[in-house]
Protein chains: 2
Amino acid sequence: MELSQKRQFKDALYEQFARISRALANPHRLELLDLLTQGERTVEDLANETALSIANASQHLQTLRAAQLVSVRREGLYAYYRLANASVQALWLSLRQVGESQLADVQAVVQHFLADRSQYQSISISDLYQRIEQQDVVLLDVRPSNEFAVAHLPQARSIPITELSQRLAELAPDQPIVAYCRGPYCLFADEAVATLSQRGFEVYRLDGGIVEWQAHGFALAQETAK
Amino acid sequence: MELSQKRQFKDALYEQFARISRALANPHRLELLDLLTQGERTVEDLANETALSIANASQHLQTLRAAQLVSVRREGLYAYYRLANASVQALWLSLRQVGESQLADVQAVVQHFLADRSQYQSISISDLYQRIEQQDVVLLDVRPSNEFAVAHLPQARSIPITELSQRLAELAPDQPIVAYCRGPYCLFADEAVATLSQRGFEVYRLDGGIVEWQAHGFALAQETAK
DNA sequence: TTACTATTCAAGTATTCTATTGAATAGTGT
DNA sequence: ACACTATTCAATAGAATACTTGAATAGTAA
């Protein structure tokens, strides 16, 4: 192969990978992707959660779709978007990891907004795994119930954050509780920990969500609720 | 935390991750990163390999540095760039993986330019590992010798591709050879396989390079040559 | 059919990114 | 001090991206 052909090959190749990066190079699209790690969603739903206009959300989803990072399923009036496959999730985790380890700014943002978080105790995924086996804790999934239905940690019990304060009676006051939600940047679990802690429960925030649990090689459960 | 504050938090956070993606969103910068997986390099060296002007290469390196993906060390006249840490390498691998699994275009590019590749046989990293243990093959590193010096597969022998045809006498004609280079998109090993095959050697191309070897959890060797 | 809903498309403007060029900086060797 | 080299900086013009708005499409319900 000639020199100029080699260059052509490399240019064409790296251009393809750059296309993917470009699709990721926007904060709104990353937020959309992050939401999609929890399962498929409609455009409207995504637009609401991310505070984008519907047209804008749709446009960003088109961009992600052009890069093959998400796929759509149409059912009736709705378009359901989801991650194209598991490697996309791995990529987002990888990106997050680089951000957390490299950018002091990420830590600064978390520090600034989540000062509360350091007041309360958290528990790592591997510690949790052990304590669940010993039936030592109650595991609480505080995400919306449809997300729980799609996938949740085994043994977890669903009490969406919006219902938590009305359903305190369901929790035994003497058993430690671990609350979790979508992942490290989701605030539901923080809120749950604050609420429960105030009522005298011994409560921990799980460091991670279902994606991180899965990345540890542990299995997930579906529906069957409890 | 109030609603508008939550939004502020998320916007700030995802913006940080988008900064990293933006740094990756250019084919030249990806090529630079890919080269840096082999070890540190000077600006001039990188500019030559990527066919960029020095000023342009330097500018792209600044962009990567601003996103904390690479770091510099200055020694005398030269600035040596390298990957900021291992998580950056993992990110690049992740991105490549998504590209390979998702984008038919990547496969098409490889197919189009590397039609030769399918003529010859390749060997996977795990197969190689076994055959090395059995001392069944000669392992040939055909990258430039300075890259070999930084890191190479254990048991590998260095014959840079530029010297290969003059040094054929060093190779036993009856032993199978496995050639490897920087990784799947590096062409040195393809060239070596073509050359050796033509001279009657039994020769395979390793599917991957030192980064992929490392990603399999195997150790690397340094210097000591042979 | 008609009214309605969820989503997508299209166009315009403001912003950001890229490559090029030439000048500036900071080391080295004499 | 001088000439020289490797690298970075600054300014520019052209290309690509983002968000808004309003219109178009396609399915649903009556």
Side-chain angles (χ1 to χ4, degrees), chain A residues 7 10-12 14-33 35-36 40-82 146, chain B residues 7 10-12 14-33 35-36 40-82 146:
Chain A
R7 183 85 326 260
K10 291 190 178 169
D11 287 349
Y14 289 110
E15 172 56 34
Q16 294 307 315
F17 294 113
R19 271 181 54 200
I20 300 177
S21 304
R22 267 198 297 272
L24 297 174
N26 174 287
H28 297 308
R29 287 198 290 270
L30 289 179
E31 188 173 1
L32 290 169
L33 270 189
L35 278 171
L36 290 173
E40 63 176 17
R41 297 282 172 107
T42 65
V43 178
E44 186 180 17
D45 194 11
L46 289 166
N48 284 337
E49 287 239 37
T50 55
L52 291 172
S53 74
I54 297 220
N56 201 0
S58 172
Q59 215 155 331
H60 282 303
L61 288 165
Q62 297 309 311
T63 306
L64 288 170
R65 199 151 76 97
Q68 309 257 49
L69 297 174
V70 307
S71 57
V72 213
R73 171 174 79 83
R74 271 157 221 283
E75 193 179 313
L77 277 179
Y78 297 89
Y80 293 88
Y81 280 83
R82 79 181 105 181
N146 56 335
Chain B
R7 185 88 317 266
K10 291 189 176 168
D11 286 350
Y14 289 110
E15 171 55 35
Q16 293 308 315
F17 294 114
R19 270 181 55 200
I20 299 177
S21 304
R22 266 197 299 271
L24 296 175
N26 174 285
H28 298 308
R29 287 198 289 270
L30 289 179
E31 189 173 2
L32 290 169
L33 269 189
L35 278 171
L36 290 174
E40 62 175 17
R41 297 283 172 106
T42 64
V43 178
E44 186 180 20
D45 193 11
L46 290 165
N48 284 337
E49 287 240 39
T50 55
L52 290 172
S53 73
I54 297 221
N56 202 357
S58 173
Q59 214 157 326
H60 282 303
L61 288 166
Q62 297 310 310
T63 306
L64 288 171
R65 199 152 74 97
Q68 308 258 49
L69 296 174
V70 305
S71 57
V72 212
R73 171 174 78 83
R74 272 157 219 283
E75 192 179 314
L77 276 178
Y78 297 90
Y80 292 89
Y81 280 82
R82 79 181 106 185
N146 56 333

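Each chain gets a letter, A, B and so on, in the order its sequence line appears, and its residues count up from 1. As a basis for the values below, the full set of heavy atoms in this structure was taken, side chains included, without hydrogen atoms, waters or symmetry mates.
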Where do [X] and [Y] come nearest, in terms of heavy atoms and distance?
X	Y	answer
Ala57(B)	Val43(B)	CB-CG1, 4.5 Å
Val70(A)	Leu33(A)	CG1-CD2, 3.9 Å
Arg19(B)	Ala66(B)	NH2-O, 3.0 Å
Tyr78(B)	Thr42(B)	CD2-CG2, 3.7 Å
Ala23(B)	Ala67(B)	CB-CB, 3.5 Å
Ala25(A)	Ala25(B)	CB-CB, 4.3 Å

Pairs: protein N or O with nucleotides 1-4 of chain C N or O, under 3.5 Å:
none

Taking salt bridge (Lys or Arg N to Asp or Glu O under 4.0 Å) as the test, write out the residues that go with Arg7(B), two or more places apart.
Glu31(A), Asp11(B)
Restricting to salt bridge (Lys or Arg N to Asp or Glu O under 4.0 Å), what partner residues turn up for Arg29(A), sequence neighbours left out?
none
Hey, what do you get for [atom1] ([X]) to [atom2] ([Y]), rounding to the nearest 0.5 Å?
X	Y	atom1	atom2	result
Leu61(A)	Leu36(A)	CG	CG	7.0 Å
Leu46(A)	Ser58(A)	CG	OG	10.5 Å
Thr63(B)	His28(B)	OG1	NE2	12.0 Å
His60(B)	Leu30(B)	NE2	CG	10.5 Å
Asp45(B)	Tyr81(B)	CG	OH	13.5 Å

End axis versus end axis in the helix from dT1(C)-dA30(D) to dT30(C)-dA1(D), the angle rounded to 10°, five pairs used at each terminus:
30°
In whole Å, I'd like the distance from the [atom1] atom of [X] to the [atom2] atom of [N].
X	N	atom1	atom2	value
Leu24(B)	dT18(C)	CG	P	12 Å
Tyr80(A)	dG27(D)	OH	P	15 Å
His28(A)	dT17(D)	NE2	P	16 Å
Arg22(A)	dA16(D)	CZ	P	9 Å
Glu40(B)	dT7(D)	CD	P	12 Å
Glu15(A)	dA15(D)	CD	P	16 Å

Scan nucleotides 25-30 of chain C against the protein and return all N/O pairs shorter than 3.5 Å with their distances rounded to 0.1 Å.
none

Can you see if the side chain of Asn26(A) gets near the phosphate of dT17(D) - specifically, an N or O under 4.0 Å from OP1 or OP2?
no
Just to confirm, is there a sub-4.0 Å distance from OP1 or OP2 of dA19(C) to any side-chain nitrogen or oxygen of His60(B)?
yes
Which part of the nucleic acid, if any, lies within contact of Thr63(B), taking any heavy atom under 4.0 Å across all strands shown: a base, the sugar-phosphate backbone alone, or nothing?
nothing
Is any side-chain heavy atom of Leu69(B) less than 4.5 Å from a side-chain heavy atom of Leu24(B)?
yes
Report each atom pair, protein N/O against N/O of nucleotides 8-12 of chain D, whose distance is under 3.5 angstrom.
residue : atom : partner  : partner atom : Å
dT8(D)  : OP1  : Arg74(B) : NH2          : 3.1
dT8(D)  : OP1  : Tyr81(B) : OH           : 2.7
dT8(D)  : OP2  : Ser58(B) : OG           : 2.8

Between Leu52(A) and Glu44(B), name the one whose nearest nucleotide on DNA chain D is closer to the 5' end.
Glu44(B)
